[in-house]
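All chains are named by letter (A, B, ...) in the order of the sequence lines, taking the proteins before the strands, and each is independently numbered beginning at 1.
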There are 2 protein chains.
Amino acid sequence: MTTNSLTSTTDRDNGDNGGGSAAQRDRRRRILDATYALASDGGFDAVQMRAVAERADVALGTLYRYFPSKIHLLVSALGRQFEEAVPRLTERPIPGETPADRVLYVLKRMARGMQGDPKLTEALTRAFMFADGTVSAEIHAVGMSMTSLVTHAMRGSDDGREITEEEIAVARVLGDVWLSALVAWVTGRSTAAETAAHMETAVRLVLH
Amino acid sequence: MTTNSLTSTTDRDNGDNGGGSAAQRDRRRRILDATYALASDGGFDAVQMRAVAERADVALGTLYRYFPSKIHLLVSALGRQFEEAVPRLTERPIPGETPADRVLYVLKRMARGMQGDPKLTEALTRAFMFADGTVSAEIHAVGMSMTSLVTHAMRGSDDGREITEEEIAVARVLGDVWLSALVAWVTGRSTAAETAAHMETAVRLVLH
DNA sequence: GCATAATCAGAAACACGTTCCAGTTTTGTT
DNA sequence: AACAAAACTGGAACGTGTTTCTGATTATGC
């Protein structure tokens with residue numbers, strides 16, 4: 001199992017998306033848009049496959065052709081959200097004196113973004129947690145984005161150095177804590193403030 | 001049917017259900033036993049409410065009277081498993097020279113136990129991750145067990161000292177990592193060996 | 001011992017994820 | 001242009017979690 005060069009500049013669309021005709025790309029976009037809208041409005045339960053299909057103006061069978069399950073659909077939506085967020089967060093140097101400060105800055109900004117749309121976050125997080133092995137590709141992609149984000153924040157700017165094992169380990173641990181905290185928040189077991197405090201503690205612990 | 005101490009030997013009912021007649025306690029026990037058996041055999045999907053009811057020899061409506069949802073049912077089962085495991089793991093001094101060694105010992109032993117019954121673990125973990133706010137009580141109990149387990153391992157034996165904030169923070173971070181690793185393993189996204197390696201890295205990172 | 005309330009069994013019904021199918025439209029090839 | 005293959009539509013249908021209903025059974029207070 002490896003962990004490759006994460007801060008890939010490659011924007012490549014991998015198999016599950018890039019190909020296809022313009023009509024197909026458009027359908028896919030409409031489906032993901034409908035998913036966003038429904039999730040943002042009513043959370044996981046409101047993302048009903050019939051409703052998504054109707055809103056995206058495709059038949060139910062077509063929806064299932066593009067996304068073989070509700071989980072795939074939501075995890076793909078989460079993936080797209082990350083794809084959009086990561087460049088926004090990494091394009092300019094990240095403020096902060098120490099790696100801990102910078103990582104916290106990034107994590108908090110991301111948390112704030114998600115907390116601004118709680119229902120959407122609930123839907124996506126839940127899907128992520130419920131996914132089984134058949135979604136490992138999509139999930140791996142999200143994990144990579146997360147790792148890349150954190151390692152990028154640990155250094156202030158994008159020098160060319162190879163990313164070390166240590167950095168990856170730190171990033172993965174922080175990613176795990178972040179996910180758990182997110183789940184706790186999403187399920188109403190902790191407040192946003194508690195989540196933030198917990199993340200801060202974890203970062204200071206791990207980044208000596 | 002397999003294996004371990006899960007198939008209740010203890011007949012005692014604990015706090016969250018202690019009340020009620022003997023017949024009610026017996027029904028509850030039968031229901032949880034059926035849940036164990038089905039989960040151990042076929043995992044989350046195999047725990048079907050009709051099947052649980054039939055196996056426990058109660059009507060479907062009765063099952064729902066005792067546990068308002070499948071998630072509640074499974075999370076309760078997980079809670080009982082923890083209740084049984086924690087004393088077994090904390091009753092004697094934990095081997096290991098350093099806190100890191102001892103924590104690893106405990107976590108690995110627990111992981112081994114769960115990996116010995118993968119389907120059961122899958123079912124319980126999924127339920128845990130999918131739970132919403134209405135099961136926060138049960139989930140909080142599990143979280144406390146986990147924290148207590150780790151803090152106990154960090155010290156070798158049970159001296160009377162107050163547990164520090166720092167220790168709790170470390171325990172919570174490790175609990176988060178453990179949970180994420182467990183989810184990754186359960187959903188087939190990582191192997192047992194990878195999970196163990198990841199846990200080891202995290203422990204060494206957090207416990208200097 | 002009996003009246004009353006609580007609980008239970010059994011079964012039907014509903015909701016939503018998922019699958020399947022017959023017919024139609026779009027796309028690609030020759 | 002004609003044909004074949006692939007994709008799409010509309011809708012029915014199935015499985016499983018959940019709810020609801022009715023009549024039996026059991027527990028509880030007098």
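Between the CG atom of A:Leu74 and the C1' atom of C:dG17 there is a distance of 12 Å, rounded to whole Å. Rounded to whole Å, atom P of D:dC14 lies 17 Å from atom CD of B:Gln48. Rounded to a whole Å, the NE2 atom of B:His72 is 11 Å from the P atom of D:dT19. Rounding to whole angstrom units, CZ of residue B:Arg28 and P of C:dT7 are separated by 13 Å. The CZ-P distance, from A:Arg50 to D:dT9, rounds to 16 Å in whole Å. Taking atom CG of residue B:Asp26 and atom P of nucleotide D:dT26, one finds them 15 Å apart after rounding to whole Å. Per the geometry, CD1 belonging to B:Ile31 stands 13 Å off C1' belonging to C:dA9, to the nearest Å. Residue B:Met49 contributes atom CE, which lies 7 Å from atom C1' of D:dG17 at whole-angstrom precision.
B:His198 and B:Thr201 share no side-chain donor-acceptor pair at under 3.5 Å.
Partners of B:Ala51 according to the side chain to side chain contact (heavy atoms under 4.5 Å, CB included) rule, which considers only residues two or more places apart in sequence or in another chain, are B:Leu38, B:Gln48.
Side-chain N/O atoms of B:Arg27 and base N/O atoms of C:dT7 include no donor-acceptor pair closer than 3.5 Å.
Annotation for A:Phe44 and A:Ala123: closest pair N-CB, 3.4 Å, computed over non-hydrogen atoms.
No more than 12 heavy atoms of other residues, nucleotides or ligands sit less than 6.0 Å from atom CD of B:Glu165. For A:Glu194, the CD atom sits in a packed shell: over 12 heavy atoms of surrounding residues, nucleotides or ligands are nearer than 6.0 Å.
The stretch residues 57-69 of chain A touches DNA chain C through A:Leu60, A:Tyr64, A:Ser69, each having a heavy atom under 4.0 angstrom from the strand.
Of the possible polar contacts, one joining the B:Thr151 side chain to the B:Ser148 backbone as a donor-acceptor pair under 3.5 Å is found.
Counting any heavy atom pair closer than 4.0 Å across all strands shown, A:Val52 reaches no nucleic acid atom.
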